[in-house]
Every structure is written in C-alpha cells, then in structure tokens.
Protein chains: 4
Amino acid sequence: MDTALRIRSAAMRLFADQGYAATSIRSLAAALHMTNAGIYHHVTSKEALLADLMRAGQLGLTDATDRMLTGRRDPAERLATLISSLTAVHALYPMTSRVMDGELRSLTHGSSARDEIIALRDLYEQRWKSALADGVEQGAFRIADRKLTRLALMSMCTGTSEWYRPDGESTLEQVCAEFVTIGLAAVRSSAQVTMRLDLTLLPDYPWEPHVDPRVAPAGRPAP
Amino acid sequence: MDTALRIRSAAMRLFADQGYAATSIRSLAAALHMTNAGIYHHVTSKEALLADLMRAGQLGLTDATDRMLTGRRDPAERLATLISSLTAVHALYPMTSRVMDGELRSLTHGSSARDEIIALRDLYEQRWKSALADGVEQGAFRIADRKLTRLALMSMCTGTSEWYRPDGESTLEQVCAEFVTIGLAAVRSSAQVTMRLDLTLLPDYPWEPHVDPRVAPAGRPAP
Amino acid sequence: MDTALRIRSAAMRLFADQGYAATSIRSLAAALHMTNAGIYHHVTSKEALLADLMRAGQLGLTDATDRMLTGRRDPAERLATLISSLTAVHALYPMTSRVMDGELRSLTHGSSARDEIIALRDLYEQRWKSALADGVEQGAFRIADRKLTRLALMSMCTGTSEWYRPDGESTLEQVCAEFVTIGLAAVRSSAQVTMRLDLTLLPDYPWEPHVDPRVAPAGRPAP
Amino acid sequence: MDTALRIRSAAMRLFADQGYAATSIRSLAAALHMTNAGIYHHVTSKEALLADLMRAGQLGLTDATDRMLTGRRDPAERLATLISSLTAVHALYPMTSRVMDGELRSLTHGSSARDEIIALRDLYEQRWKSALADGVEQGAFRIADRKLTRLALMSMCTGTSEWYRPDGESTLEQVCAEFVTIGLAAVRSSAQVTMRLDLTLLPDYPWEPHVDPRVAPAGRPAP
DNA sequence: TATGAATGAGGATTCATTCAT
DNA sequence: TATGAATGAATCCTCATTCAT
C-alpha cells in the first residue's frame with residue numbers, strides 16, 4: 001500500500017544485508033517488483049534514501065531514550081536505562097542499527113545530510129556523557145577514563161545487532177539485565193538497579209519487521 | 001619496492017575506510033600511482049585481494065592468540081588472555097580488524113574463499129568457547145548464557161577498532177586491564193588476573209602501519 | 001522503430017562480416033548510433049544476442065524445410081527438396097547462414113543456449129538422415145557411406161553462403177537445379193526430379209535484408 | 001626444441017578451435033607454458049603470426065597441387081587431381097585448412113600481408129579455372145556456369161575439414177574417389193578417372209600433427 | 001504514478017605490446 | 001633468450017539518473 005514505506009523497508013533490508021555501496025537501485029526495484037524509474041517517484045536519490053533512514057533511525061533512538069530517561073535523576077539508573085535501551089534497540093532493530101552504525105561513511109563528506117546525522121549522533125551520546133559525568137561528580141561512579149568506559153559499554157550494547165536472536169537462549173530482558181550488571185561493574189557502582197524494560201517506549205521503526213521479544217524461548221518461561 | 005605488499009597495504013586502508021564495495025580498483029591504483037592494469041599483475045581479482053587480506057588477518061589473529069595462550073591452563077587466565085589479545089589486535093590493527101569483522105558479506109556466497117574464512121573464524125572462536133566451557137565446568141565461572149556472554153565480551157573487545165586512539169587518555173594496557181576486569185566480572189570470576197601484554201607475540205600485519213602502543217600519551221608517563 | 005530488431009539486424013551483419021569475437025558491443029552501438037548502455041536495454045548480453053540469432057535461424061530453417069517437405073514421400077524428391085531449400089537459405093540469407101554455421105564455437109561450452117542450438121541442429125539433420133536412409137532402404141539410392149555423402153552434399157549447399165551473388169551468372173533456381181542433379185548423381189539415383197522452388201515457403205529472417213532472387217541477372221531472362 | 005615451431009603449432013590449434021579473434025596471446029603462452037613476453041621473441045605480432053601460418057598454408061597447398069598436376073594434360077585428370085588434393089589437404093590438415101579458409105577477414109584490410117594471401121589464393125584458384133576452361137574448350141566438359149561449378153566443387157572439398165575423421169567409415173581414398181565421381185558428373189564428363197592419391201606429394205605442415213590416412217578403420221581393410 | 005528507453009560515467013577485467021633486467 | 005612488470009586502450013557490462021510518454 002504505502003509505496004514509500006515499502007521502498008524504505010526493502011532498502012533497509014538490502015542496505016543492512018549487503019551494505020549501501022553494494023546495493024543498486026536496480027536490485028532494490030527488483031526486490032519490490034518495480035522498475036528503476038518507479039523508485040525515483042518516491043525517493044530523491046539513493047543517498048537521500050540512506051540519509052532518510054539514518055535520520056529517522058537516530059531520531060527514533062534519541063526520542064525513545066529520552067522517553068525512558070524521563071524522571072530519572074540517579075546516574076546509576078540513567079546508565080542502566082541507557083544500556084538497556086541501546087541494547088534493546090540494537091537487538092530488536094538490527095537492520096536499522098547496523099545501517100546507523102556502519103553506513104555513516106557512505107554519506108558524502110561535507111554533505112549537509114552527513115553533518116546532520118553526525119549532530120544527531122552527538123546529541124544522543126550526550127546522554128551517556130552526562131550520565132557518566134554526573135555519576136563521577138556525585139561519587140557514585142569510579143572511572144579511570146570516561147571516554148574509554150563509555151565507548152566500551154556502547155560497543156557491548158551495539159554488538160547485539162550482530163548476534164542477538166529472539167529465539168536464542170536468553171530473553172532480551174536477560175541480556176539487558178546482564179549488560180546492566182556489567183556496566184555498573186565497569187563504573188564501580190555499588191547500586192543495584194533492576195530495570196523493567198518498557199518496550200512500548202522503544203522507537204517504532206515502521207520499515208523494520210516487528211519482532212516480539214516477550215516471546216520467551218520455548219520451555220524457558222521468564223521467571 | 002615490494003609492490004604486492006604496497007598494494008595490499010593500500011587496499012587494506014581503502015577497504016577499511018570506504019568499504020570493499022565502495023572501493024574501486026581504479027581508486028586503488030590511483031592511490032598507488034599505478035594503472036588499473038598494473039594492479040592485476042599482482043592480484044588475481046578484487047575479491048581475491050580481499051580474501052587474501054582476510055585470510056592473513058584471521059591466521060595472524062589465531063596464531064598470535066595461540067602463542068599467548070601457550071602454557072595457560074587456568075580458565076580465568078585464558079579468558080583474560082583472550083580479552084587482552086583480541087582487544088590489542090583490534091586497537092593496534094584497526095584497519096585489518098574492521099575488514100575482518102565487516103567484510104565477510106563481500107565474499108561471494110558459496111565461494112571457497114568465503115567458506116575458508118568462516119572456518120578460520122570458527123577456529124578462533126573455539127578458543128573462547130573452550131575457555132568459557134572449562135571455566136564453567138571447573139566452577140570458576142558462573143554464566144547464565146555462554147553464547148551471550150562470549151559474544152558480548154567479544155563485541156566489547158572488537159569495538160576498540162572503532163574508537164581506540166594510541167594518543168588517547170588511556171594506554172592500551174589500561175584498556176586491556178579494564179576489559180579484563182569487566183570480563184571477569186561478567187563471568188562472576190573471583191580471580192585477580194594481572195595480564196602483562198607481550199606485544200611481541202601479537203601478529204605482524206606487514207600491510208598495516210605499525211603503531212607503537214608503548215608510547216604513553218603526552219604527560220602521562222606509564223608508571 | 002523496432003529497436004530490438006534494428007539491433008539484431010546490425011548484430012547479424014557484424015557477426016557475419018567480422019565474426020562474433022571480433023565484434024564489440026561498442027562497434028555495434030556505433031553502427032546503430034546508440035550508446036553502449038543503450039544496447040543493454042534490449043539485450044541481455046552479447047552472447048545471449050548471438051544465441052537468439054542462432055536459435056531463430058535454426059528454427060526458421062527447420063520450419064521452412066518441414067513446410068517444403070510436406071506431402072513428399074519419395075526419397076529422391078525429399079533429397080532434392082533438402083538440397084534446394086538448404087541451398088536457397090544459404091544463398092538468400094548468407095549472413096544468418098554463416099553465423100549459424102560458424103559461430104557455434106562462440107557459445108560457452110556447457111551453456112544451455114549452446115546445448116539448445118546443438119539440439120536444434122541435430123533436429124534439422126534428422127531430415128537428411130531419414131531421407132537418405134529411406135532412399136537406401138527402398139533401393140532408390142546406392143550409397144557407400146551415408147554420413148560421408150550427407151556431409152559432402154550439405155557442405156556443397158552451405159558453401160553458397162560464401163560465394164553466391166544474386167547478380168551473378170546463374171539464377172538461384174539454376175544453382176539449385178544443378179545441385180540437385182549433382183546430389184542425385186551422388187546417391188546413384190536414376191530419378192529425374194524437377195524442383196520448383198517455392199520461395200514463399202522459405203524462412204523469413206526479419207533481421208536480414210531481403211534479396212529478391214527472382215530478379216534474373218541482366219540480359220539473362222529466366223527461360 | 002624448436003620454439004618457433006612449437007608456437008606456430010599451438011597457435012594453429014587455438015586459431016582453428018576458437019578463432020583468431022577469440023585467441024589471446026596470453027592463452028597461447030599458457031598453452032605453451034611460456035610467458036606473454038616470451039612469445040614475442042619469436043613472433044612479431046599476433047597478426048604476423050596468423051599471416052605467417054596462412055602464407056605457409058597457401059604456399060604448401062599450391063606447391064603440393066602443382067607437384068600432383070605435373071605432367072597431366074587431360075582436363076578430366078587435372079580436375080580429378082584438384083579435387084583429390086584439395087580434399088586430402090582439408091581432410092588431413094583440418095586446422096590449417098580452417099584457418100586458411102576462415103580467417104582471411106582477420107587480416108587488417110589493406111595490409112600487405114592480406115594482399116599477399118589473397119594473391120596466393122588467386123594463384124591457387126587459377127589451377128581450377130584453367131582446368132575447367134580447358135575442359136570446356138576441348139569439349140570434354142559441359143558446364144552452364146563455370147564459376148558456380150568451381151565454387152560448388154571447391155566447397156564440397158573444403159567441407160571435409162569440418163567433418164572428416166580418419167577413424168570414420170570411409171578411407172580418405174574412398175572420399176576422394178567419391179568426390180571425383182561427383183565432380184566429373186558435375187561437369188558432364190564421360191571420363192573414367194582413377195586417381196591414385198600419392199600422399200608423399202601432399203604439403204608437409206610441420207605445425208599440424210600428422211595423421212596417417214592409410215590406416216584403414218579397424219576391420220575394414222581397403223579392398 | 002508508473003514505465004520503457006536512453007545515457008554518460010564508471011565498474012572489473014583483459015588486451016596486445018613494450019622494455020629493463 | 002627469457003621474464004616480470006608495466007601500460008594504454010579496449011573489453012563486456014552496470015551504475016544512478018533523467019525524461020518523454
């Protein structure tokens with residue numbers, strides 16, 4: 001029905017699977033049973049299509065994160081929230097995440113689109129920076145190198161887009177809980193944070209097929 | 001002088017920076033002040049070039065890892081070694097690492113080269129699997145989901161190829177130490193492992209510019 | 001107007017004149033006042049273009065032959081028909097004939113297209129084999145070596161594509177008559193066959209310029 | 001040993017099998033376990049190599065023909081000789097024959113090599129023309145169209161390079177005898193010519209593997 | 001909206017050939 | 001003699017994009 005969405009959906013899949021550079025407009029059209037030219041009625045250019053997807057992805061992540069952070073003051077809680085949400089987004093929306101994390105280099109250097117995405121990314125990372133800074137300032141965290149810690153934790157979270165499978169051993173909630181534990185250990189926090197992951201706050205990426213993470217693997221009901 | 005090496009070196013840089021698909025033989029030749037055709041005197045095909053680099057990368061990693069693991073029985077020590085070496089390789093050889101981690105999809109599905117790389121990768125991961133398995137068996141580790149734990153820790157280590165800078169706040173040794181701490185926490189190990197990173201055991205990737213990690217960042221002499 | 005036909009037409013001429021391997025898509029495009037890429041809008045590949053032409057050529061020959069053979073039982077008549085039609089087709093459609101006879105080697109060994117053409121060729125040769133076999137069986141022909149006889153006669157007929165000129169000394173009908181005579185002599189047939197060559201039954205190769213064979217050479221009106 | 005001959009030998013095979021245009025110097029070198037450059041020590045250029053082979057081929061044919069014609073005055077005998085020798089050469093040296101007959105178009109238009117080959121070819125055809133002319137003049141032959149007759153007979157003879165197999169049903173001598181019979185019938189000659197094919201007079205093409213035609217197929221001794 | 005046709009630029013790869021060693 | 005390296009031109013084909021219909 002919504003052709004524009006179908007295009008974004010197929011594009012996202014192809015970009016995630018083969019990479020932007022390796023994906024041709026022709027193959028995208030073929031995947032949609034369209035013609036080359038047909039695509040161009042809904043899309044300005046291949047690069048604009050990528051930029052659109054990345055922008056929407058970043059905005060969705062930041063917005064969702066802000067929704068989840070609402071009302072939280074405690075640095076440990078905020079860190080736990082950041083870890084959980086970033087993990088959940090990467091686990092549930094692996095295609096969007098892989099494109100967001102890996103295709104920045106495909107946007108023309110110096111283009112406004114590229115600068116915009118970078119700005120959005122910085123905006124998001126601000127949440128991590130401030131949570132860590134506050135934690136250190138308040139004496140709740142003990143960190144040798146803030147940048148190192150942040151990047152290491154973020155790597156751990158984003159890594160899930162590469163390997164998380166909804167039908168794997170662990171529930172998404174278990175993964176998040178585990179990562180939160182690791183994260184708090186990394187900042188030497190003594191806090192005990194039990195996150196309840198509110199999935200309704202996660203971004204809704206209409207172009208990515210929805211995966212229900214609440215379906216625990218068979219025979220392994222969440223405790 | 002060694003033209004073959006110069007080609008591999010330039011190819012590695014371009015593949016790492018722009019991605020394999022976005023790198024043309026023409027641009028590779030231009031970077032080397034050669035002609036298109038000249039490249040083909042030393043290289044069978046673009047894909048073979050990629051496969052060569054990936055194969056050599058994987059072999060180097062596995063070999064180095066095995067050298068570092070030599071004589072170690074204790075699971076905690078082995079895990080610490082795995083974390084340190086994987087981190088160090090990704091930090092010191094970010095181009096090779098990014099290509100190894102991200103360009104598998106560029107090898108033609110079903111090609112023997114691809115299958116070979118996958119086999120080499122599995123071979124490497126075996127080291128992690130057995131270390132974790134032994135740790136659990138001996139009661140030294142407590143892990144809910146082995147696969148999850150392994151992949152999360154590996155993500156953390158490999159992440160360094162994206163952000164580690166030799167002139168950053170932390171020494172490579174500090175990063176490794178931090179990651180080892182996090183890793184041991186992740187497996188609920190009570191062991192106190194102090195790794196001494198023997199850089200002479202790391203792989204020697206002749207196509208990647210050597211970075212001296214012992215050069216501590218300015219004003220921060222290693223203790 | 002019909003671009004696809006214009007392409008096939010020009011391709012046939014070039015393939016016939018220079019050979020398939022010596023004909024580049026560029027030169028084909030140039031002959032058509034098109035661009036390289038434009039050709040590919042109508043053609044899958046250079047080899048597919050050749051295969052198309054050869055397939056259509058073979059089908060046209062077999063169909064025409066079957067039309068001309070319709071209702072004929074007598075082996076001598078059938079042989080005369082085969083000689084006449086093969087000669088006429090090679091004389092009137094020399095480009096198609098040369099490509100059909102000489103470019104089989106240009107089709108990739110093992111390709112389905114190649115196998116198909118070979119099958120079609122075998123199908124055609126069946127007409128010759130059965131005519132000769134029947135003639136021998138009925139005692140109408142006396143032949144030492146059937147294969148030898150068939151191939152020699154076919155060579156004679158196909159040879160016309162190399163030298164027949166509509167404005168030469170002899171009418172096509174005369175050539176056919178002569179060849180029929182020779183052919184019947186070759187099989188020691190005592191039959192007197194007068195073929196009336198019905199040109200409307202010949203294949204219509206739309207890509208090959210039509211030559212009117214009824215135009216008798218100047219000063220030599222057909223009797 | 002004689003590198004130049006080995007090259008010509010391999011070239012002849014490749015040119016005959018794949019065609020001149022489809023044969024690369026590289027593949028020729030590969031077939032000889034040589035390098036590209038190595039070829040050029042013995043050969044001026046690819047085209048010169050072809051021209052050499054064609055020239056030697058034509059000279060060999062003409063010389064052999066003249067040897068066989070020596071002392072023969074009778075047109076029927078001369079025609080029989082021409083048919084036999086042309087047939088034998090094409091049957092015994094199919095590669096050379098195919099190249100001679102089919103690759104003239106590969107010689108650059110206007111090149112002296114091309115003109116030379118054409119002249120040699122004309123020289124050879126002179127033998128046919130004069131035999132036919134003499135036969136007609138002396139009232140021994142009755143021919144409607146001399147050119148037609150000549151070309152048809154020559155086509156029949158040259159066709160053997162495409163299908164003759166030394167281990168086939170018929171001996172080369174039988175093929176020649178058959179063709180002579182057909183040829184004499186074609187010119188309405190009443191002569192009974194029994195050719196004895198003296199194979200020692202045939203050209204010796206040192207680059208083409210020698211096939212012994214006297215070896216009659218197993219179980220079919222020549223009568 | 002959608003498409004068939006077209007195009008200029010560029011993709012990877014091979015060409016015949018040269019030349020210093 | 002022979003070769004490894006190199007090259008400019010050409011190979012077939014695909015690219016993203018445009019435009020008249």
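None of these values were measured; they are calculated from a predicted model.
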Candidate nucleotides F:dT3, F:dT7, E:dG8, ranked by approach to the side chain of B:M34 - the nearest: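 Given the options F:dT3, F:dT7, E:dG8, the side chain of B:M34 is closest to F:dT7.
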Counting side-chain heavy atoms from C-beta on, which of F:dT7, E:dA12, F:dC15 comes nearest to B:I25?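 Of F:dT7, E:dA12, F:dC15, E:dA12 is nearest to the side chain of B:I25.
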Between atom [atom1] in [X] and atom [atom2] in [N], what is the gap in whole Å?
| X | N | atom1 | atom2 | value |
| --- | --- | --- | --- | --- |
| B:Q18 | E:dG11 | CD | P | 11 Å |
| C:L32 | E:dA5 | CG | C1' | 14 Å |
| B:I7 | E:dA12 | CD1 | C1' | 15 Å |

Taking [X] for its side chain and [Y] for its backbone only, find out whether a donor-acceptor pair lies under 3.5 Å.
| X | Y | answer |
| --- | --- | --- |
| B:Q58 | B:I117 | no |
| B:R114 | B:L107 | yes |
| C:T23 | C:G19 | yes |

Do D:D17 and C:R105 meet the salt-bridge criterion of a basic N to acidic O distance under 4.0 Å?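 Here C:R105 does not pair with D:D17 in a salt bridge, since their nearest N and O are not under 4.0 Å apart.
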Using 4.0 Å as the upper bound for N to carboxylate O, is an ion pair formed by D:R98 and D:D101?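 No, no charged N to carboxylate O under 4.0 Å.
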Would you say the side chains of B:E47 and B:S106 form a donor-acceptor pair under 3.5 Å?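 Looking only at side-chain atoms, B:S106 and B:E47 do not form any donor-acceptor pair under 3.5 Å.
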Would you jot down, in residue-number order, the residues of residues 39-53 of chain D having a non-hydrogen atom under 4.0 Å from DNA chain E?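 Heavy-atom contacts with DNA chain E come from D:Y40, D:S45, D:K46.
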Just to confirm, is there a sub-4.0 Å distance from OP1 or OP2 of E:dC15 to any side-chain nitrogen or oxygen of D:S24?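 Answer is yes, contact under 4.0 Å.
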F:dA20: pairing nucleotide in any strand, Watson-Crick or G-U under 3.5 angstrom: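 Its partner is E:dT3 (Watson-Crick or G-U wobble, both distances under 3.5 Å).
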Mapping A:N36 and B:H33 onto DNA chain F by nearest heavy atom, which one lands closer to the 5' end?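 Comparing both residues, the 5'-ward one is B:H33.
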Closest-nucleotide 5' rank along DNA chain F - winner of A:T23 and B:R26: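 The residue whose closest nucleotide sits nearer the 5' end is B:R26.
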